[in-house]
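Structure, as structure tokens:
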Amino acid sequence: MPTLRFFNSLTRQKEVFEPVTPGHVGMYVCGPTVSGESHLGHARPFITFDILFRYLMHLGYKVRYVRNITDAGHFEEEGRVAEDKISTKAVLEKLEPMELVQKYTNMFHWAMHQFNNLEPSIEPTATGHIVEQIVMIERIIADGYAYVVNGSVYFDVEKYHRDFEGRGMAYGVLSGRVLDDQLETTRVLSSQDEKRNKSDFALWKHAAPEHIMQWKSPWGMGFPGWHIECSAMSNKYLGERFDIHGGGMDLQFPHHECEIAQSAVCNHQIPARYWLHNNMITINGKKMGKSYNNVIKLSELFGGHHSMLEQPYSPMTVRFFILQTHYRSTLDFGNEALQAAERGLKRMWEAFGHLEKLDVAATGGQQAGDPVQDAQCQRLLDEAEESMTDDLNTAKVMANFFELVPVINSFRDGHVQLSSITATTLKRLQQVFRTYLVDIFGLRDEKPSDSGRLDSVMQLLIDIRREARSRKDFATSDKIRNQLQSMGIQLKDEKDGRVSWTYL
RNA sequence: GGUACCGUGGCCGAGUGGCUAGGCAGAGGUCUGCAAAACCUCGUACAGCAGUUCGAAUCUGCUCGGUACCUCCA
């Protein structure tokens with residue numbers, strides 16, 4: 001197994017990855033809040049961590065990947081009337097809360113399927129783990145790190161920080177925030193609040209009778225705070241200490257910071273060893289987010305129905321677009337960039353198809369006809385595989401693959417003899433491309449799958465055109481080519497007289 | 001205001017002390033009946049200023065510009 005290195009947000013540096021239990025990896029990724037439809041920004045973590053999931057399995061790890069569904073409501077804004085986000089919207093849409101949650105969960109799953117993301121090992125819901133959350137809250141109260149006010153329970157951040165700072169679990173370890181600063185600036189503002197300090201956060205919220213989503217608890221009817229579900233569920237399915245905790249950078253604070261505090265009280269340690277955070281997708285340099293009013297929903301993206309879109313973009317184009325950037329960099333949305341991804345993917349995918357058809361028998365066998373060429377291929381593959389171990393540098397892997405594209409195409413066109421490389425090198429090319437593009441990056445063909453019959457029809461047209469051309473009847477041959485073109489099918493005249501076709 | 005991060009050629013984006021990624025777009029060429037596709041060639045970019053160094057896009061300082069988090073947020 002190669003040595004993996006990840007940038008750990010907790011230590012702010014790249015670290016060698018060593019799982020708690022050799023050969024096994026426990027990974028928790030914060031899933032979606034199913035109170036609305038997913039947008040492009042949401043796609044990033046789920047694609048990024050899907051690739052990590054696939055990669056770890058490829059390396060031979062047995063991985064348990066837990067990704068939750070947040071289907072219990074959160075309160076909107078502190079200081080205002082605490083309200084259950086999901087319930088409020090449910091009333092507006094005249095739906096049962098669970099009906100709404102189900103609808104958006106289904107849409108989320110649909111989107112994940114479009115992206116060819118593997119299903120996580122466990123996808124627990126917050127509503128399905130109310131009991132576990134209550135138990136955890138009781139434990140925190142018993143240890144003296146939470147207090148009850150009017151049927152709500154709050155985590156005492158200041159006390160926690162005082163007691164745990166010396167043990168390396170200060171409130172702020174993950175985000176680098178200094179609690180004292182926050183206390184100073186917030187104390188005055190919080191006088192009318194139930195909380196002792198503004199930095200305290202809710203573990204359980206009292207629900208007014210009109211709230212639809214509420215559960216019985218030792219503190220009365222209510223619903224869980226936002227952070228507790230992840231602590232309870234990760235603990236239940238991955239244990240007190242697991243390997244990787246992932247999510248968007250915007251969750252680093254307060255969400256993940258609070259998770260650490262909750263778990264630290266219960267289990268006396270930071271729950272995960274490696275904290276991985278993907279950066280944001282931006283649009284015109286600004287983070288894509290509901291509050292900025294600049295989101296492009298996934299259905300809009302795939303359908304092209306949005307004022308900012310010049311055309312629809314397929315799920316694989318989006319996946320490829322995300323792959324071409326390192327996950328810790330911001331990724332700026334733009335039509336030009338998406339179109340570049342679309343074309344790049346097409347080129348890569350077609351070269352991959354050609355590569356698979358190259359015949360080992362035509363190679364130089366044991367002997368490379370062009371040792372320089374052969375070594376170059378091997379070097380680019382080596383480098384690609386190394387890039388992946390270095391904090392998941394998918395962009396570098398793709399760059400190396402792109403350097404191999406003209407080489408592959410040259411073999412195919414006969415510009416360069418396949419005998420210039422050894423059988424071993426060709427086999428490795430084929431194997432590495434397939435492994436990375438298909439198994440790890442999760443790319444797949446998006447062509448309609450009725451091609452069996454269509455192939456025959458196309459062959460007929462190609463034959464007719466060939467005959468017309470041999471008679472120098474270019475009117476007919478051009479008609480076939482141009483009509484097909486306008487239907488989205490492109491004929492390609494190859495070097496050796498063969499004709500192939502592709503979708504535009 | 002506090003805390004981080006970033007500023008790379010027309011666009012998107014890796015990299016990070018010397019060996020000038022990559023994609024898309026663009027230009028020229030080969031091929032072609034003409035195209036397309038493919039292949040070949042071409043852009044010496046790293047916000048600005050000063051410093052460290054034999055050598056900096058890469059390190060240090062300052063300036064300018066931008067972003068994120070501090071509130072729900074992937």
Side-chain angles (χ1 to χ4, degrees), chain A residues 9 12 29-33 35 38-49 74-80 85 172 175-178 181-182 184-186 198-199 226 246-255 257 277-282 285-292 295 320-321 324-326 328-348 350-351 354 383 387 393-403 405-410 412-416 469 472-474 477-478 481-482 485 490-495 499-502 504:
Chain A
S9 303
R12 284 168 211 93
V29 173
C30 292
T33 301
S35 62
S38 299
H39 63 255
L40 177 58
H42 298 122
R44 174 106 103 144
F46 304 131
I47 289 174
T48 299
F49 290 106
H74 300 146
F75 27 91
E76 285 287 16
E77 261 181 299
E78 295 296 350
R80 295 196 189 171
K85 194 157 81 181
S175 58
R177 237 150 276 265
V178 180
D181 294 351
Q182 292 190 269
E184 265 173 45
T185 54
T186 55
K198 203 194 169 192
S199 54
W226 175 36
M249 257 177 197
D250 49 357
L251 295 184
Q252 197 171 338
F253 189 90
H255 184 55
E257 197 71 65
H277 292 99
N278 64 275
N279 215 136
M280 301 293 103
I281 286 186
T282 59
K286 267 248 186 296
K287 173 183 167 183
M288 185 178 287
K290 265 171 268 177
S291 27
Y292 297 103
V295 302
F320 188 79
F321 177 61
Q324 272 195 299
T325 309
H326 187 93
R328 280 192 296 110
S329 300
T330 55
L331 173 55
D332 201 49
F333 165 89
N335 279 285
E336 239 184 310
L338 261 305
Q339 281 158 18
E342 185 180 85
R343 287 173 195 170
L345 171 60
K346 185 165 185 271
R347 189 166 132 85
M348 175 62 68
E350 289 185 356
H354 298 152
E383 237 179 59
S387 301
N393 197 338
T394 57
K396 187 69 171 62
V397 177
M398 287 308 318
N400 278 38
F401 281 14
F402 267 114
E403 287 203 64
V405 165
V407 176
I408 292 165
N409 287 332
S410 293
R412 194 232 179 196
D413 290 347
H415 285 134
V416 179
R469 290 180 71 197
K472 299 221 187 297
D473 177 5
F474 297 124
S477 73
D478 286 355
R481 184 223 282 158
N482 296 338
Q485 177 101 12
Q490 179 180 53
L491 292 182
K492 296 199 270 195
D493 293 321
E494 311 291 347
K495 286 269 164 274
V499 180
S500 63
W501 61 277
T502 179
L504 284 171

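Only a predicted model underlies this, so the values are computations on that prediction, with no experimental measurement involved. Order of the sequence lines fixes the chain letters, A, B, ..., with proteins taken first and strands second; residue numbering starts at 1 for each chain.
Atom CE of A:Met249 is separated from atom P of B:A4 by 14 Å (rounded to the nearest Å). Regarding A:Lys198, its NZ atom lies at a distance of 18 Å from the P atom of B:G2, rounded to whole Å. Atoms NZ (A:Lys290) and P (B:A68) sit 17 Å apart, rounded to a whole Å. We find that CD of A:Gln339 is positioned 15 Å from C1' of B:G26, with the value rounded to whole Å. Rounded to a whole Å, the NZ atom of A:Lys286 is 13 Å from the C1' atom of B:C69. Atom CD in A:Glu342 sits roughly 11 Å away from atom P in B:A25 (whole-Å rounding). The distance between atom CE of A:Met288 and atom C1' of B:A74, rounded to the nearest whole Å, is 11 Å. B:U71 atom P lies 13 Å from atom NZ of A:Lys287, rounded to whole Å.
For A:Arg343, the side chain to side chain donor-acceptor pair (under 3.5 Å) criterion is met by no residue, not counting sequence neighbours. For A:Arg44, the salt bridge (Lys or Arg N to Asp or Glu O under 4.0 Å) test picks out no residue, with sequence neighbours left out. For A:Asp413, there are no salt bridge (Lys or Arg N to Asp or Glu O under 4.0 Å) partners, not counting sequence neighbours. With sequence neighbours excluded, the residues satisfying side chain to side chain contact (heavy atoms under 4.5 Å, CB included) with A:Ser500 are A:Arg412, A:Lys492, A:Glu494. With sequence neighbours excluded, the residues forming a side chain to side chain contact (heavy atoms under 4.5 Å, CB included) with A:Thr394 are A:Ile51, A:Leu323, A:Met388, A:Phe441, listed by chain and number. Applying the side chain to side chain contact (heavy atoms under 4.5 Å, CB included) rule to A:Gln324 yields the partners A:Phe320, A:Ala341, A:Phe402; only residues at least two apart in sequence or on another chain are considered. Every residue two or more places apart in sequence or in another chain that forms a salt bridge (Lys or Arg N to Asp or Glu O under 4.0 Å) with A:Asp250 is listed here: A:Lys287. For A:His42, the side chain to side chain contact (heavy atoms under 4.5 Å, CB included) criterion is met by A:Ser38, A:His39, A:Phe46, not counting sequence neighbours. Remark: A:Arg347 engages no residue in a salt bridge (Lys or Arg N to Asp or Glu O under 4.0 Å) (not counting sequence neighbours).
The nearest heavy atom of RNA chain B to A:Arg12 and to A:Leu345 marks one nucleotide each, and the one closer to the 5' end goes with A:Arg12.
For the C1' atoms, the distance linking B:U71 with B:G66 amounts to 22 Å, nearest Å. Here the separation of B:C62 from B:U3, taken at their P atoms, is 14 Å to the nearest Å. Taking atom C1' in both B:U30 and B:U53, one finds a spacing of 47 Å when rounded to whole Å. Spacing of C1' atoms, B:A4 relative to B:C46, comes out at 23 Å, to the nearest Å. Across the C1' atoms, B:A74 and B:G22 are found 27 Å apart, a figure rounded to whole Å. B:G17 sits 15 Å from B:A56 when the P atoms are compared, rounded to a whole Å. Straight-line distance between the P atoms of B:A47 and B:U58: roughly 7 Å, to the nearest whole Å. Nucleotides B:U41 and B:A21, compared at atom P, are 14 Å apart to the nearest Å.
Contact annotation: A:Asn400 side-chain N/O to B:A21 OP1/OP2 distance is not under 4.0 Å. For the OP1/OP2 pair of B:G22 and a distance below 4.0 Å, the side-chain nitrogens and oxygens of A:Lys396 include no atom meeting the criterion. In this structure, A:Arg177 does not reach the B:G2 phosphate: none of its side-chain N or O atoms is under 4.0 Å from OP1 or OP2.
A:Lys472 has its side chain within reach of A:Phe474: a pair of non-hydrogen atoms, C-beta onward, lies under 4.5 Å apart.
Using a 4.0 Å heavy-atom criterion, one finds that A:Tyr292 contacts the sugar-phosphate atoms exclusively. Nucleic acid contact for A:Gly247: sugar-phosphate only, since backbone atoms but no base atoms lie under 4.0 Å from a heavy atom of the residue. Using a 4.0 Å heavy-atom distance criterion, A:Asn482 is classed as making no nucleic acid contact. A:Gly289 comes within 4.0 angstrom of nothing in the nucleic acid, heavy atoms only.
Here the CE-CZ distance, from A:Met249 to A:Arg328, works out to 6.5 Å after rounding to the nearest 0.5 Å.
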Enumerate the protein-to-nucleotides 5-13 of chain B contacts in which both atoms are nitrogen or oxygen and the separation is below 3.5 Å.
unit_1, atom_1, unit_2, atom_2, d
B:G13, OP1, A:Asp332, N, 2.8

> Can you check side-chain hydrogen bond (donor to acceptor under 3.5 Å, both in side chains) on A:Ser175 and A:Glu257, steps first, answer last?
Replying inline: CA-CA 7 Å; A:Ser175 58; A:Glu257 197 71 65; 2.6 Å; yes

>> Base contacts versus sugar-phosphate-only contacts with protein, heavy atoms under 4.0 Å: please encode nucleotides 29-42 of chain B as B, S and - from 5' to 3'.
In response: --S-BBBBBBSS--

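A donor atom on one side chain and an acceptor atom on the other are not found under 3.5 Å apart for A:Ser329 and A:Asn279.
With a 3.5 Å limit on both pairing distances and Watson-Crick or G-U wobble geometry required, the stems of 3 or more pairs in RNA chain B span B:1-7 with B:64-70, B:10-12 with B:22-24, B:26-30 with B:38-42, B:47-51 with B:59-63.
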